[in-house]
Amino acid sequence: MYWTQTFIPTLKETPSDAEIVSHQLLLRAGLVRKLTGGLYTFLPMGLRALRKIEQIIRQEMNRAGGIEVLMPALQPSEIWKQSGRYETAADVLYKIRDRARKEWVLGPTHEEVITTLAANELNSYRQFPRNFYQIQTKFRDEIRPRFGLMRAKEFIMKDAYSFDTSDEGAMASYRRMYDAYTRIFFRCGLKAFPVEADTGVIGGNHSHEFMVPAETGENEVVYCESGGYAANIEKATSRGPSPSTPTDGTGDSPEKFPTPGVVSIEALAAAPHSVPAHAQIKTLVYILDSKPALILMRGDDQLNSAKLLAKTGAIQARPATVDEIVATLGAHPGSLGGAHNVPHDVSVYADEVLRGARGMTTGANVDGFHLHNVEMDRDIRVSHWADFRMVRAGEQCVETGEALKIRRAIEVGHVFKLGTKYSEKLNSTFLAEDGSRQTTVMGCYGIGLTRTLQAVIEQCKDKDGICWPLSVAPHQVCLTPLNVAPESQPRQVAEKLLMELTAAGIDVILDDRDERPGVKFKDSELVGFPLRVNVGEKSLAKGEVELKPRTGPTQPVKIDDAAAQIIGFVRSGMAALA
RNA sequence: CGGGACGUAGCUCAGCCCGGUAGAGCGCUUGGUUUGGGGCCAAGACGUCGCAGGUUCAAAUCCUGUCGUCCCGACCA
């Protein structure tokens, strides 16, 4: 491959609409160009890197027993109505109509399609287990596309779906995918690690996300240094907050006292009231599937909205408006509480941390008043207890007791054990060995290819540009003759190396541009080829060429040894990523 | 959808407050020079100042609306 025969529009300056480094590098290195917000064209170098990731995924999926298929991106809205996600996933669904006014959806994922296939084709226990996968473009009406490929309206995903006849079988399938994912990200040169995850709208009961640590990531991961525990903050739990919740109340009845103008936990914690936040009960009003509900949290805790959805089973949850709050409790935010004047048809959810709490202070549901001496068990009608709180750094790990840490990360893969959620709705059943009809047990497993590509850049870069791992680099080697005239010695030596390396199966590009050395050096570093070979008169005079690994020092090698050295560099580097 | 910022040459940006001739650097074209880290000299091409309306003798500049982009929140691979 010759540089002048492809298209690598590098940029010296940083485009102003790219905020994070990996996005800037995607643009500057000429890997992609934006069509419009959330939609990108892949240029040759970006496409090559993407294809390499795709091949790694394909190889590992096949090795793990996956069967490649390709499903339609355009789907009838009926199957979405049948699964119930026409409503629950409504905000990400692109809907379109054909000339007959029939409605279609552009698939944001393919559970409905694959389950329909399984329902029609997998009818006997003899046909299981099965794991179908595809690499395909997904469409999501993202509320806010951002960070280049990280969150786009259209993106490429590998999605796999397993079908088993039993829960144990499904667990084994899950485990196989989990292991395959570990290998895939390792081979891509990515430091990714699995964390326990919330299942969100996809549903199911067991899930891990594969996370790439990065300051620019959109997720927060709670983890324990010893490696015993790691979870998405949406799911994370701990041994609880410190200090612990008071349980030594006086036993006196709730006592109303005036708190004019005190409408926050902080204000009540300050003088003159001086009620510590952990001795307060925070009362939140949420609208769960259009019904108001109270959420009681300890004063110093934050509500975890993912847990709220998961624990209440609500499809939609939003904070109530001030008007809705007044209509429900008769008081304004800042004076709310669960002890008095709570209508009987309003559910009261309380965080586990409040169990057995005594001597607490909370709003009186009368503007300007709070209550002392509140005891959860005695004074508040709790309909449901659950863990609703956001874990904080420093709390003790549930497994090891060590202090938990929190860091940001990019989610590149997600594995779910789905159970029978989709197979029931879409009638995927089979005849068991004993002649009974049973429902298939499913799992689904996604990897965002385009996001993975950008995550690699986010993790593998320096001040000069991208530092591709050999396994996903658009080209492994960049031959750089410093004189490109056809008869010049640098050009001839470079051409000979090109032939030898290509014959050895090395993926090489020759920078045949008639540019000054500085320009070629800068560009090759920006695009990030793992190895550059400088072929210039200066070193040729000594019978040498130079090997310049992207992340290491320049090494002179004899011309006759060059090909073998380069091949050795590539093969050993690739072996380290196998 | 809520909050904030910004739309001027292919890119990065100045000009806008205080209305009157549209600018710089990079890139591009041509010629020369240079040839191991985005070099230098000279000559050029490139703009309906996002769009629409308004105010005004006159609008990139002031006003209104609109579209688009980016950032912060809720959603996800």
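Each chain gets a letter, A, B and so on, in the order its sequence line appears, and its residues count up from 1.
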TODO: Considering only atom C1', compute the distance from B:G32 to B:C51 and round it to an integer number of Å.
DONE: 45 Å

TODO: Please determine if a side-chain N or O atom of A:T14 lies less than 4.0 Å away from the OP1 or OP2 oxygen of B:U12.
DONE: no

Task: Contact under 4.0 Å: A:K34 side-chain N or O vs B:C70 OP1/OP2 - done: yes

Task: P spacing across the pair B:A59 / B:A5, given as an integer number of angstrom - done: 27 Å

Open item on the list: When you measure from the side-chain N and O atoms of A:K520 to the phosphate of B:G37, is any distance below 4.0 Å, counting only OP1 and OP2?
Closed with: no

Open item on the list: Quick one: does any side-chain atom of A:K158 pair with a main-chain N or O of A:Y445 as donor and acceptor, under 3.5 Å?
Closed with: yes

Open item on the list: Side chains of A:E544 and A:S539 only: does a donor on one sit below 3.5 Å from an acceptor on the other?
Closed with: no

Task: Between B:G39 and B:C76 - P atom distance, rounded Å - done: 48 Å

TODO: Could you check whether the rings of A:H208 and A:Y174 sit parallel, tilted or perpendicular, using 30° and 60° as the cut-offs?
DONE: tilted

Task: Phosphate contact (B:C71 OP1 or OP2) by A:R144 side-chain N/O below 4.0 Å - done: yes

TODO: Describe the nucleic acid contact of A:E209 in one word from base, sugar-phosphate, nothing, applying a heavy-atom distance below 4.0 Å.
DONE: nothing

Open item on the list: With hydrogens left out and only the distance checked, is there a donor-acceptor pair under 3.5 Å joining A:R151's side chain and the base of B:C76?
Closed with: yes

TODO: Would you indicate what A:T452 reaches in the nucleic acid, counting non-hydrogen atoms under 4.0 angstrom: base, sugar-phosphate, or nothing?
DONE: nothing

Open item on the list: Once you apply a heavy-atom cut-off of 4.0 Å, does A:D17 come out as touching a base, just sugar-phosphate, or nothing?
Closed with: sugar-phosphate

Task: Of the listed nucleotides B:C72, B:G36, B:C76, the one nearest the side chain of A:R140 - done: B:C76

Open item on the list: Between B:U55 and B:G15, how many Å separate the two C1' atoms, rounded to a whole number?
Closed with: 22 Å

Task: A:T450 side-chain N/O to B:A77 phosphate OP1/OP2 under 4.0 Å - done: no

TODO: Would you mind checking if A:K520 and A:E515 are paired as a salt bridge, meaning a charged N to carboxylate O distance below 4.0 Å?
DONE: no

Task: C1'-based separation of B:A24 from B:A14 [nearest Å] - done: 7 Å

